[in-house]
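Whatever order the structure lists them in is the order used to number ligands and atoms, beginning at 1. Excluded from the calculations below are hydrogen atoms, water molecules and symmetry mates; all remaining heavy atoms, backbone and side chain alike, are included. Note that the structure is predicted; figures quoted are calculated from it, not measured.
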Amino acid sequence: MRIYVDNAATTKISEGAIKTMIPYMNEIYGNPSSLHCEGQRANEALANARERIARLLGCEPREITFTSGGSEADNQAILSAARLGERKGKKHIVSTAFEHHAVLHTLEKLEKQGFEVTLLDVHENGLVSAEQVYNAIREDTCLVTVMYANNEIGTIQPISEIGAVCHEKGVIFHTDAVQAVGHLHINVQEQHIDMLSLSAHKFHGPKGIGVLYARKGIPLTTLIEGGAQERGKRAGTENIPAIMGMATALEESCAKIHENTLKLTALRDKLILGLSQIPHSALNGDHEHRLPSNVSFCFEGIEGESLLLLLDDKGICASSGSACTSGSLDPSHVLLAIGRVHDVAHGSLRLSLSEENTEAELEYILESVKEVVGYLRSISPIWRDLCEGKKNFILK
Ligand SMILES: *Cc1c(COP(=O)(O)O)cnc(C)c1O
């Protein structure tokens, strides 16, 4: 038996999405730029998917650009706002210390090109406030980019309030909403969002496809030169099967938000309660402003990597943080940003649920984590030092 609780890394594609995709691989496989019937049918599909996705985000179809996923959308959003700002002599950007690397690395690149970046501190509870954003905005600020929900600790930022602050100050607001779309109710108009990134494989759609929403009037910088696809802003023959699968997966997910929120919140809180019973452990991030699917813990005196391998042996697919930082020995920048010290940050575990997880799986996970943490502590020199009082416990 395998138990998959790594849905923040990626999800299983839904049956509905697969069914939608198949005809666009073996029947309606024309190139949307071709003038013949087959091409035009593909082109109609493209327009149809764009409309459906726009409706779910609360924007216009022409404000949707298809990309290869969340990373590309983040890159294009930030570089576009930066180029626009540069032309007006505005070269300051506000973001946070716990963004996804697709955002942070793009900002680092811009810093090398003379941009100034203010990374807001994240509170211990994994939240940034609209007030922090307000205070950080300057005359020369061209962009605020704050993620909707954090991929490691699941905390949900006050996006509508941050959007309102940005609009009051006349600054473009981008949000990496990859963890939020399909899981939380989003409306870019009501929430004052100018640009938003999403990725299909985080809501049971296919991998390698995503969307950049950009409010009309914001000129996009082209990352991939070539043909005139996507109004000339993103060259390359459109991946129609994936685009259609994404539209279906998004409709399915959005239709289930209420039901899934109730179900997952109950499962999540049971896991949190159970894991809290392990001594010298702590939940990472605020409990209330949290994705219904996310459980993130630190256990003192253990290595997260060993924990993951032993859980894998027991049939449990979990993560220590983001899939991107797993495999490196550096502790997660997200856990450091919320003030976890290196030793504690190393002992992290992220369980990210989907509606397919069951109560029985949960019981097994709780039992297994308790057993494995106990075992790893029994062989850990750091744990012995802590118990013998040579080092002080940080978590109670
Ligand atoms: C997964 C993820 C991304 C990257 O999306 P890809 O489609 O895999 O490129 C970006 N931001 C966040 C918050 C994510 O969780």
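With respect to the salt-bridge test (charged N to carboxylate O, under 4.0 angstrom), the residues K90 and E139 do not qualify. Ion pairing between R138 and E116 holds under the 4.0 Å rule for side-chain N and carboxylate O. Contact check on R50 versus E230 returns a salt bridge, with a Lys/Arg side-chain nitrogen under 4.0 Å from an Asp/Glu carboxylate oxygen.
Under a 4.0 Å criterion applied to the non-hydrogen atoms of G69, ligand 1 contributes the atoms 7 (O). Less than 4.0 angstrom separates some heavy atom of S71 from each of these atoms of ligand 1: 4 (C), 5 (O), 6 (P), 9 (O). Heavy-atom contacts of M147 reach the following atoms of ligand 1: 13 (C) (cutoff under 4.0 Å).
Comparing H101, H100, E152 by heavy-atom distance to atom 3 (C) of ligand 1, the nearest is H100.
Here the heavy atom of the protein found nearest to atom 7 (O) of ligand 1 is S199 OG, 2.6 Å. Of all protein heavy atoms, the one closest to atom 11 (N) of ligand 1 is D176 OD2, 2.7 Å. At the top of the distance list for atom 2 (C) of ligand 1, counting protein heavy atoms only, stands K202 NZ, 2.6 Å. Summary of contacts: the protein heavy atom closest to atom 6 (P) of ligand 1 is G70 N, 3.5 Å.
For K216, the side-chain hydrogen bond (donor to acceptor under 3.5 Å, both in side chains) partners at least two apart in sequence or on another chain are E60.
For K207, no heavy-atom contact with ligand 1 is shorter than 4.0 Å.
When side chains are defined from C-beta on, K91 does not count as touching D140, because their heavy atoms never get closer than 4.5 Å.
The shortest heavy-atom distance from H201 to ligand 1 is under 4.0 Å.
Atom OG1 of T65 and atom CG of L220 lie 5.0 Å apart (nearest 0.5 Å).
In terms of polar-atom proximity, defined here as any N/O pair under 3.5 Å, Q179 does make such a contact with ligand 1.
Between W383 and F299, the gap from one ring centroid to the other reaches at least 6.0 Å.
Using the six-membered ring where Trp is involved, H333 and H101 have ring planes that are tilted, between 30° and 60° apart.
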